[in-house]
Every structure is written in structure tokens, then in C-alpha cells.
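Structure record follows, encoded as C-alpha cells.
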Amino acid sequence: MASMLARIHPTPLSGTVPAIASKSMAHRLIIAAALSSGTTHVICNTTCADIEATVRCLSALGARIETVDDGFEVHPVPKSIELGILKAFQGVTLDCGESGSTLRFMLPVACALGANARFIGAGRLGQRPLSPLSDELMAAGSSIAGQGGFPLTCEGRMRPGHFVLSGNVSSQFISGLLLAFPLLPGSSDIEVRGRIESRPYINLTIQALKLFGVDIAVERSIAPNGIDEMTTFRFANTPYRTPGEVTVEGDWSNAAFWLCAGALSTAPVEVSGISLTSAQGDRNVLAALSRFGARTKRAPQAAIVEPDGLHAFSMSAQDIPDLVPIIAAVASCAEGTSIIKDCARLRIKESDRLATTASELCALGARVVIDHDSLVIHGQPTLTGGTVDAHNDHRIAMMAAIAAERCEGDVLIHGAEAVNKSYPTFFEHYRMLGGRVELIEE
């Protein structure tokens, strides 16, 4: 895809924009549908590069996934009754693109199916860590080679049993194992030691599994050392069963950009088509904006944010790492000094998101400093504008576009095509809210 420059002429955003489908939930529901007992109609009002990566990998494993007007018609991967696997799984290539979720979910699934698979990908994906997930898969009988880059290969079918992970690893490791368990001939469990990072994403996985007839029991206890907490996720031996039809709910992670735009604007911004009772952790953007002093309103299947005097506050990003770039943009224009703590996991995203959030906001005139695993942000009423690099990171590109509301001069975003990873219609919706943006092929 050609590199794209976005030139934004600062103007306040206002109005209503529809939420796109939750990328997080789409991954999970499409995977469950492809591994289920029959055809499933997945209602999904939008797609993106990451969702397409998961569809591509499932198709390589033998699922037939048809694009229809309102989403996908998913015909499951054929599985032999005798072996639980097919010889057709020998030598398949799974192209994960730049999607970390796709790789971390599909690797355990491929191992559970006994596929002899070759994984490839792009961008920084090959550098993003897979251990200790890969260690647990190998201990369960799979062979994995090529870690730290691509191609990555796996062969041999994993056994059901007891898996152990630390709570400070990616929640996607836990979700990947949970998605694989219904494919195994027996019960399994995951013992997670310590506080779990990004726990809401595991709740999404459990919710998706339940829609397909798979129950996960969650037990909390104290670890053997008598100090740390311990969580055990228990799976009883039940296969995926299709409900016939499922709907992917609206995405709070991307809705957050527009809601934060409302806080930075001079008029309200509304996002329609989102559930106020969603298990998505990024629903907490409303609580964060309230603490900044913005006025938030809730309506059936919608949220509205109105501007008001913004004041600094401090928060932890432990459960909501994807919100950090846009929350940092709001903090850059809030009176006082804000601190966003527990940002270590941002270093292994599409970019080193801790570094790129700071550097690109500073390029627009903000005052942002990295202090260990925290961002320290000294707010000011306006920013200067300037030139930023998206660093092939969709959330950095979108952050800069929203921050432009408070800039005195134009904002130029190199690599603006990065939004296609999660939100191909981002700039179309930006214009829908009155934004003035030119897209220029570089």
C-alpha cells in the first residue's frame, strides 16, 4: 500500500459518528465460528486489516468464510472424527499481517488442531514476544521453531492439561489458550499467578466462548507463597456449538478517539452503536474523561462527550493500554501535570508506543516526558502543530489527528495509511465530524 500523508487544518470536531465493529470481539467470534459445529452468520458492520488477517488464517486451515452484506458467513474447519485433524493441515501457511491478536490466537489453535503450519507476518510482529505462551505449547507436546522472526513453524498436536502463566504477560496468551481448549480431547486449565494485565480482554474471550456453548469457570485464590493472588481458568471438555448467528458489538477502543475529540472541542461529539454495558475495558474512557473534567452523557447505545475545563489527573494504564495515546493527547491540553503509569506493555505494540506517543505529541508542541514506565504530561491550552510520523502505528496516526483540534498550525501525518490496520474509514469519519483533512499519496 502506498504511503499516505494526511494534512490536517485544525478545526473543532462536532456531531455524531457511528462506531465501527469491535476488532477485539470480531477476532474471537470469527475464530469460534470457524471451529464450531456448523455454519455461523457473524454480523460485523465493518472490517479492517487485522480482522482480515484472522479470516485469512482460518481460511488457510480449511474454513470457508464468505463476505456478505452485513458481515461474514463462516463455514467451519472440517475436522476428522478419528484424528481430530486433517492431512490437509500439513504445510499450510498462515499470514498474520501485522496483527498480534491473530498470531497469538492462531498459534495455540493451530497446535490444538495438530496443524503443521508456517506463520508469516509483517512490521514489528515477528519481534513481539511469544514466550511464555510458546513454552507452554511445547511443554504440551507441540514443536515450535523460528521464534523472534518469521517464518515461525509449529507441528505436533498439543495435549490437554494444566498450563501456568504469569499475570504480567500479554492477556492474549491466556485468550489464545482458552480459544484452543475446546479443540482438545479432555479438560484443561490455566493457572495465572499474580495480578492479570488487561483482564477485560480475557473477559471478552470468555463472553465469546459462552456464545458458542463453552463455559469457563474462573476461580480466585492465594498463591502458594501466601501473598500473590492466583486465578485459575477451568475448561470442562465441551466443544464449540454454533448459535447460528452472532453480532460483533461496537468498538470502544476506536470510539475513544472521537469521545476524546469531544473533550478537546468546542461542541459535543457523540458515538452511536456502542454498548454501555460492554465487557470491553476501553469503555473506561468515559470515566477518564470525567476525571479530566469533561461532561459525559450516556444514551441507549450511544455516548456523548461535551467540552469543559480540563484539569490534570493521574491514572494507571494496566487494564487499558490502548487508550494511552489518546488520553495523553487530552492530558497535553489539560491544566496541570498528568501522569499515566504502568505503561511498560506499550513498548511492544506496533511501535514502541511509549516512545512514539511522547515523541509525536512533542512534535506538535506538547510537553511530554517518559519517566521509567510512565508518561508525565505538562498540560497547556493549545499546541503548535507540526509534522509527525505515524511509525506504522494506527493509534499514533489517530492520536495526532485528534490532537490537531487544539493546534494553532497545520498537522502533517506521514504514514497516515496506518489507520487501515483497525479503522480504514477513520478519515472519512473525521470529515463527517467537520474535520478538514487532505490525503496525499507520498
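Computed over heavy atoms, backbone and side chain alike; hydrogens, waters and symmetry mates excluded.
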Handout entry: Side-chain heavy-atom pair K341, D373 within 4.5 angstrom cut-off
Key = no
Exercise for the section: Report the C-alpha separation of I8 and V437 in whole Å, then their side-chain angles, then the decisive distance to 0.1 Å, and conclude whether the side chain to side chain contact (heavy atoms under 4.5 Å, CB included) test is met. Expected result: CA-CA 4 Å; I8 297 178; V437 56; 3.8 Å; yes
Practice task
Evaluate the criterion side chain to side chain donor-acceptor pair (under 3.5 Å) for residue pair S24 and Q280; output intermediate values, then yes/no.
Solution key: CA-CA 9 Å; S24 297; Q280 295 176 57; 5.9 Å; no
Handout entry: Polar side chain donor-acceptor pair, S265 to S14, under 3.5 angstrom
Key = no
Exercise for the section: For the pair R234 and E219, find out whether any cationic side-chain nitrogen is under 4.0 Å from an anionic carboxylate oxygen. Expected result: yes
Exercise for the section: Decide side chain to side chain contact (heavy atoms under 4.5 Å, CB included) for D322 and R353; before the verdict, give the C-alpha distance in whole Å, the side-chain angles of both, and the deciding distance to 0.1 Å. Expected result: CA-CA 9 Å; D322 286 344; R353 206 172 273 168; 3.5 Å; yes
Problem - Trace of the side chain to side chain donor-acceptor pair (under 3.5 Å) decision for S198 with S171 - result: CA-CA 6 Å; S198 303; S171 66; 4.6 Å; no
Practice task
Decide yes or no for Q380 and R406: does some side-chain heavy atom of the first lie under 4.5 Å from some side-chain heavy atom of the second?
Solution key: no
Problem - Donor-acceptor pair, side chain of T296 and main chain of V305, under 3.5 angstrom - result: no
Completion exercise
To the nearest 0.5 Å, atom CG of L289 lies from atom CD1 of I327 at 5.0 Å
Handout entry: Test side chain to side chain donor-acceptor pair (under 3.5 Å) applied to S134 and Q147, step by step
Key = CA-CA 9 Å; S134 54; Q147 294 188 68; 2.7 Å; yes
Exercise for the section: Compare all side-chain heavy atoms of I326 with those of R395 and state whether any distance is below 4.5 angstrom. Expected result: no
Handout entry: Pair Y423 + H429: ring centers closer than 6.0 Å
Key = yes
Practice task
Check C57 against D95 and note the closest heavy-atom contact, atom names and distance.
Solution key: SG-O, 3.5 Å
Practice task
Anything under 30° is parallel, anything over 60° is perpendicular, the rest tilted; go ahead and classify Y430 against F427.
Solution key: perpendicular
Practice task
Report the C-alpha distance between S175 and F105 in whole Å, list the side-chain angles of each, state the deciding distance to 0.1 Å, and finish with yes or no for side chain to side chain contact (heavy atoms under 4.5 Å, CB included).
Solution key: CA-CA 7 Å; S175 288; F105 294 168; 3.6 Å; yes
Problem - T232/D189 under side chain to side chain donor-acceptor pair (under 3.5 Å): CA gap, chis, key distance, verdict - result: CA-CA 7 Å; T232 302; D189 65 79; 5.7 Å; no
Problem - E442 side-chain N/O to S3 backbone N/O, donor-acceptor pair under 3.5 Å - result: no
Exercise for the section: Compare all side-chain heavy atoms of I348 with those of P129 and state whether any distance is below 4.5 angstrom. Expected result: yes
Practice task
Begin with the C-alpha distance, continue with both residues' side-chain angles, and end with the deciding distance and a verdict on side chain to side chain contact (heavy atoms under 4.5 Å, CB included) for D319 and Y201.
Solution key: CA-CA 9 Å; D319 284 337; Y201 288 100; over 6 Å; no
Handout entry: Minimal non-hydrogen separation, S351 against I396, with atom names
Key = OG-CG1, 4.2 Å
Practice task
State, to 0.1 Å, how close A418 and N392 come at their nearest heavy-atom pair, and which atoms those are.
Solution key: CB-C, 3.9 Å
Exercise for the section: Find the distance between CD (E306) and OG1 (T266) and round it off to the nearest 0.5 Å. Expected result: 11.5 Å
Practice task
Answer yes or no: is there a donor N or O on one side and an acceptor on the other, between the side chain of T384 and the main chain of L364, under 3.5 Å?
Solution key: yes
Handout entry: Side-chain touch L130/L152, heavy atoms, less than 4.5 angstrom
Key = yes
Practice task
Heavy atoms only: give me the nearest E405-A261 pair and the separation to one decimal.
Solution key: OE1-O, 2.8 Å
Handout entry: Reported CZ-to-OG1 distance for the pair R431 and T425, which is rounded to 0.5 angstrom
Key = 11.5 Å
Handout entry: Within-4.5 Å side-chain heavy-atom neighbours: V17 and F257
Key = no
Exercise for the section: Show your working on ring-ring contact (aromatic ring centres under 6.0 Å, His included) between F119 and F150 and close with a plain yes or no. Expected result: CA-CA 7 Å; F119 288 84; F150 289 120; 8.2 Å; no
Fill in the blank from the handout: Nearest heavy-atom approach of A355 to I370 is CA-CD1, 3.8 Å
Handout entry: Distance-only polar pair, side chains of D389 and H414, donor-acceptor under 3.5 Å
Key = no
Exercise for the section: Say whether, by atom type as modelled, one donor and one acceptor occur between the side chain of W252 and the main chain of A279 under 3.5 angstrom. Expected result: no
Handout entry: Check ion pair E350-K421 (N to O, under 4.0 angstrom)
Key = yes
Problem - For the student: nearest non-hydrogen atoms of A60 and T93, plus distance - result: CB-O, 3.4 Å
Problem - Between S101 and Q172: side-chain donor-acceptor atoms closer than 3.5 Å - result: yes
Handout entry: Reference residue F163; test ring-ring contact (aromatic ring centres under 6.0 Å, His included); the match among F235, F181, F173
Key = F181
Exercise for the section: Decide yes or no on salt bridge (Lys or Arg N to Asp or Glu O under 4.0 Å) for D410 and R436, but give the supporting numbers first. Expected result: CA-CA 10 Å; D410 285 359; R436 298 164 59 206; over 6 Å; no
Fill in the blank from the handout: Separation between CG (L107) and OG1 (T153), nearest 0.5 Å, reads 10.0 Å
Exercise for the section: For atom CD of E335, decide whether the heavy atoms of other residues, nucleotides or ligands shown that lie under 6.0 angstrom number more than 12. Expected result: no
Exercise for the section: Side-chain contact test, heavy atoms from C-beta onward, threshold under 4.5 Å: evaluate it for S422 versus N254 and give yes or no. Expected result: yes
Problem - T356-H391 side chain donor-acceptor pair, cut-off 3.5 Å - result: no
Exercise for the section: Could you tell me whether D352 and R124 make a salt bridge, using a distance below 4.0 angstrom between a side-chain N and a carboxylate O? Expected result: no
Exercise for the section: Answer yes or no: is there a donor N or O on one side and an acceptor on the other, between the side chain of R367 and the main chain of I377, under 3.5 Å? Expected result: no
Practice task
Indicate yes or no: at least one non-hydrogen side-chain atom of F212 is less than 4.5 angstrom from one of T40.
Solution key: yes
Exercise for the section: Answer yes or no: is there a donor N or O on one side and an acceptor on the other, between the side chain of D70 and the main chain of I43, under 3.5 Å? Expected result: no
Problem - Spacing of L179 atom CG and L35 atom CG [to the nearest 0.5 Å] - result: 8.0 Å
Practice task
State whether a side-chain donor-acceptor pair under 3.5 Å links T16 with S272.
Solution key: no
Practice task
Give a yes or no answer on whether the side chain of R283 reaches the backbone of L276 with a donor-acceptor pair at less than 3.5 Å.
Solution key: yes
Fill in the blank from the handout: In this structure, CG of L204 is separated from NE2 of H27 (nearest 0.5 Å) by 11.5 Å
Exercise for the section: State, without any angle test, whether T47 and E52 hold a side-chain donor-acceptor pair at a distance under 3.5 Å. Expected result: yes
